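Each remark here refers to the structure printed beneath this line.
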Amino acid sequence: STERNEEWPKWVIKKMANMPEFKKTQFLARMRRNREQKGRSALHEYAKSLTGSDKLHHPIVVRGTKEAELKLAEADKDKQQVEKDKAGASKLSAKAREIQEKNKIEQNQKMKEADAEKMKTLDKDVDALAKILDPADFCKQLLDLTAGFYRVMDSFSDFPALKKALKLPESQLKILIKCVKASAKALTMMKPGDINTSELKQQMRRAICLTFRLAHEVFNQYWTGMDGKHIGVVQELLLSLGFKSCAKNLFLEWRRRKEQQQKEAAEQEEKKEEKDAKGK
């Protein structure tokens, strides 16, 4: 039988000696389940001790198809609106164009003034971020500032809180660059090398991962408005975290994109000049 082929402790064999056959079968089934459960638990603990990454996995959020369809519909609507605006712009008179440009400049100035006022409050929050010594508090403050209070997981996800507070991309970039500087300062003050408790190590690991993600999200979303100083600040953060290759590759990618952008702008300008020359 199966129980004869399996190795059981002496106390188990002794306990089964006077049992009826059906009770013996039930007892062995229960023992096998317990053994399997303990084995899985031991394997899990061993894997956790090797990687230490059990606290880093984010909750998986499944987005419905309706939301995706709505986003596509909105994108199509925006595209149609842009095409209409282009068609309408060609029919506008010189006077109408002048009024339109004037209104755009005035609207932009109003947004600048509103952003400047809001940035005074945000600057204080960023200064407070740089002074935090607890990794868990640091992560919470950084996410509250950039992603907002109603986030589903530890993700900046297009910086919704910041974009809600500030309307102009250049204003958003200014605050994010200050966040990058503050994060580098805070992590240095925490002295990761001196942390010796497992709980603090997990929190510190989370803070480092989050800051690494911040550097890449800032670059991916705002590289068009970033100059040499901005990219230098992001590189300094990556270097302070020990990511030398990432810092180098980030700069090379920024330079490649900027060169491509300048090339495309020059080609468009050349085409425009050719078109104007034909019109004359």
Side-chain angles (χ1 to χ4, degrees), residues 58 68 71-72 74-83 85-86 89 101 104-105 107-108 111-112 115-116 119 122 126 129 142-143 145-148 151 153-185 187 208-276:
H58 300 305
K71 281 187 178 180
L72 286 171
E74 285 176 9
D76 289 338
K77 193 177 178 182
D78 291 341
K79 191 177 178 182
Q80 288 173 6
Q81 187 62 41
V82 169
E83 289 173 358
D85 291 343
K86 282 182 181 178
E101 287 298 321
K104 278 184 182 179
I105 292 167
Q107 189 179 6
N108 195 53
M111 285 194 289
K112 275 185 180 179
D115 282 359
M119 281 173 73
L122 290 173
V126 175
L129 180 71
L142 181 60
L143 287 165
L145 186 61
T146 55
R151 58 187 178 275
M153 54 186 176
D154 290 356
S155 171
F156 297 108
S157 62
D158 207 32
F159 303 110
L162 201 61
K163 288 186 176 181
K164 188 177 179 181
L166 303 172
K167 302 303 177 187
L168 296 173
E170 53 265 34
S171 303
Q172 296 161 12
L173 179 59
K174 278 182 184 178
I175 292 295
L176 286 170
I177 291 296
K178 287 180 180 179
C179 283
V180 169
K181 285 182 180 178
S183 298
K185 187 178 178 182
L187 290 176
I208 290 169
C209 290
L210 200 64
T211 312
F212 178 79
R213 191 68 238 160
L214 172 70
H216 282 273
E217 286 295 330
V218 170
F219 173 75
N220 288 334
Q221 294 188 39
Y222 293 93
W223 69 268
T224 51
M226 293 176 79
D227 57 22
K229 288 182 179 178
H230 293 147
I231 205 71
V233 171
V234 179
Q235 278 187 292
E236 283 176 14
L237 172 64
L238 291 172
L239 288 170
S240 71
L241 297 175
F243 298 108
K244 293 181 181 179
S245 298
C246 287
K248 180 184 175 182
N249 292 335
L250 195 77
F251 172 76
L252 293 174
E253 180 62 17
W254 171 77
R255 188 175 67 179
R256 185 192 68 78
R257 291 187 188 186
K258 282 290 181 181
E259 287 172 354
Q260 183 66 25
Q261 191 182 39
Q262 289 170 2
K263 185 181 176 182
E264 289 173 359
E267 287 174 357
Q268 286 179 1
E269 187 64 30
E270 193 177 333
K271 286 178 182 178
K272 188 180 178 184
E273 286 175 2
E274 287 176 4
K275 191 176 179 182
D276 291 343

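The chain is numbered in sequence order, starting from 1. Worth knowing before you read on, the calculation uses all heavy atoms, side chains too, and leaves out hydrogens, waters and symmetry mates. Because the structure is a prediction, the values reported are computed rather than measured.
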Q.
Run the side chain to side chain contact (heavy atoms under 4.5 Å, CB included) test against V233 and tell me which residues pass, sequence neighbours left out.
A. I177, V180, K181
Q.
Filter on salt bridge (charged side-chain N to carboxylate O under 4.0 Å, His left out), then keep only pairs touching residues 212-221, sequence neighbours left out; what's left?
A. R213-E217
**Q.** Closest contact, heavy atoms only, S155 versus L143
**A.** N-CD2, 4.1 Å
**Q.** Nearest-0.5 Å distance, CD of residue Q268 to NZ of residue K272
**A.** 10.0 Å
Q: Measure the spacing between SG of C209 and CG of L241 and express it to the nearest 0.5 Å.
A: 9.5 Å
Q: For E101, enumerate each residue passing the side chain to side chain donor-acceptor pair (under 3.5 Å) test, keeping only those at least two apart in sequence or located in another chain.
A: none
Q) Mind checking whether I231 and F219 have side chains closer than 4.5 Å, heavy atoms only? A) yes
Q) Which residue pairs satisfy the salt bridge (charged side-chain N to carboxylate O under 4.0 Å, His left out) criterion with at least one member in residues 160-171, sequence neighbours excluded? A) D158-K163
(Q) Could you work out, with side chain to side chain contact (heavy atoms under 4.5 Å, CB included) as the rule, every residue matching R255, not counting sequence neighbours? (A) F251, L252, E259
Q.
Apply side chain to side chain contact (heavy atoms under 4.5 Å, CB included) to residues I175 and T146 and explain how you reach the verdict.
A. CA-CA 9 Å; I175 292 295; T146 55; over 6 Å; no
Q) How far does CG of L238 sit from OG1 of T211, to the nearest 0.5 angstrom? A) 10.0 Å
Q.
Quick test of your reading: applying side-chain hydrogen bond (donor to acceptor under 3.5 Å, both in side chains), list the pairs with at least one residue in residues 230-245, sequence neighbours left out, ordered by first then second residue.
A. D227-H230
Q: Would you please test M226 and V234 for side chain to side chain contact (heavy atoms under 4.5 Å, CB included) and show each step?
A: CA-CA 10 Å; M226 293 176 79; V234 179; 3.8 Å; yes
Q: Taking side chain to side chain donor-acceptor pair (under 3.5 Å) as the test, write out the residues that go with S171, two or more places apart.
A: D115
Q: Not counting sequence neighbours, which residues clear ring-ring contact (aromatic ring centres under 6.0 Å, His included) with F156? List them please.
A: F159
Q. At their closest point, which heavy atom of G225 faces which heavy atom of L173, and how far apart are they?
A. O-CD2, 3.5 Å
Q) For the atom pair CG (L162) and CG (L122), what is the distance rounded to the nearest 0.5 Å? A) 6.5 Å
Q) Is the count of non-hydrogen atoms from other residues, nucleotides or ligands lying under 6.0 Å from E253 atom CD greater than 12? A) yes
**Q.** Test side chain to side chain contact (heavy atoms under 4.5 Å, CB included) applied to K174 - qualifying residues, sequence neighbours left out
**A.** M119
Q | Spacing of CH2 belonging to W254 relative to CG belonging to L250, to within rounding of 0.5 Å | A | 10.0 Å
Q | For E264, all residues meeting side chain to side chain donor-acceptor pair (under 3.5 Å), sequence neighbours excluded | A | Q260
**Q.** Which atom of A147 lies closest to which atom of A161, heavy atoms considered
**A.** C-CB, 3.7 Å
Q: Using side chain to side chain contact (heavy atoms under 4.5 Å, CB included) as the criterion, list what pairs up with I105, not counting sequence neighbours.
A: none
